[in-house]
Amino acid sequence: KNKQASIMGFFSKK
Amino acid sequence: MFEARLVQGSLLKKVQEALKDIVQEASWDCTSSGLSLQAMDGSHVSLVQLTLRADGFEKYRCDRNLAMGINMGSMSKILKCAGNDDVITLKAEDTSDRLELMFESPKGEKISNYEMKLMDLDCEQLGIPDQEYSCSIKMPSHEFARICRDLSQIGECVVITCTKDGVQFSAKGDMGSGTVKMSQNLGAEKEDDQVTIEMTEPVQLTFAIKYLNMFTKATSLSGSVCLSMSNDVPLVVEYKVEDMGHIKYFLAPKIED
């Protein structure tokens, strides 16, 4: 089963 | 003082239509180099980034950097009051909590002025890494929209597989499955009709189709769309805004639980 990843897991906070 | 005049006002109307379903509120950042916006959807699954360069406007002035907090629903309502052929001018004083929008008909006989309240927004900005992608696919934007619309009837997810032979979009659901394959087509007469695939490594990723369908609201901005993918990182769906900028949508993939 696939789970939706969050975009925040890929881009760091500025 | 911030002032930006765009003769092809329809571009701003289209940009707004391309953003409003994904983002409810956003900070429009004005600097001397142009207008930009970065915002996530409410579920933090996708991110949209808009750039409109200053040199794309007929007149552009920005004395001090400005972050205008805008309710996108309100902005849409007001921009719908502009005709497709109208010239649009945006204006804001440095310390004002309002954005002025002026719409001029092409012959100048009708001038409409609107004022929109700005909001105080505490937006989280993410650093988007500048990276090389394993696959870059350029295809007609209407084909991409069609594929997303068609496959969303079949299932909630689309698997995008890119190899040197082409790019394949597949979905499956309770009623069955569907697959659309696009092959490279360099012979098309119009550049927008071409399908080009640049690949250093094959890629397969799974995405929620509903987000891709929202991205395709930008279709009227550009005849072609570029998809950039690498395994295990967000997909980038890019539409050019004439020669003045772009809208880039980033979508986090579905990953194995």
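Residue numbering restarts at 1 for every chain, and letters A, B, ... go by the order of the sequence lines. Quick note: numbers below take in every heavy atom, side chains included, and nothing from hydrogens, waters or symmetry partners.
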Residues in residues 39-51 of chain B near chain A [non-hydrogen atoms, under 4.5 Å]: B:Met40, B:His44, B:Val45, B:Ser46, B:Leu47

Step-by-step side chain to side chain contact (heavy atoms under 4.5 Å, CB included) determination, A:Phe11 to B:Phe250: CA-CA 10 Å; A:Phe11 300 148; B:Phe250 298 82; 3.6 Å; yes

Approximate separation, where rounding is to 0.5 Å, of B:Asp232 CG and A:Phe10 CZ: 7.5 Å

Pairwise side-chain hydrogen bond (donor to acceptor under 3.5 Å, both in side chains) hits with a residue in residues 207-222 of chain B, at least two apart: B:Asp21-B:Lys217, B:Ser152-B:Asn213

Over all atoms of both residues, closest heavy-atom pair of B:Ala252 and A:Ala5: CB-O, 3.3 Å

Atom CD of B:Glu156: over 12 foreign heavy atoms under 6.0 Å: no

B:Leu126 side, atom CG; A:Lys13 side, atom NZ - distance, nearest 0.5 Å: 8.0 Å

Whether B:Glu256 side chain and A:Lys3 backbone form a donor-acceptor pair below 3.5 Å: no

Side chain proximity check, B:Pro234 to A:Ile7, heavy atoms < 4.5 angstrom: yes

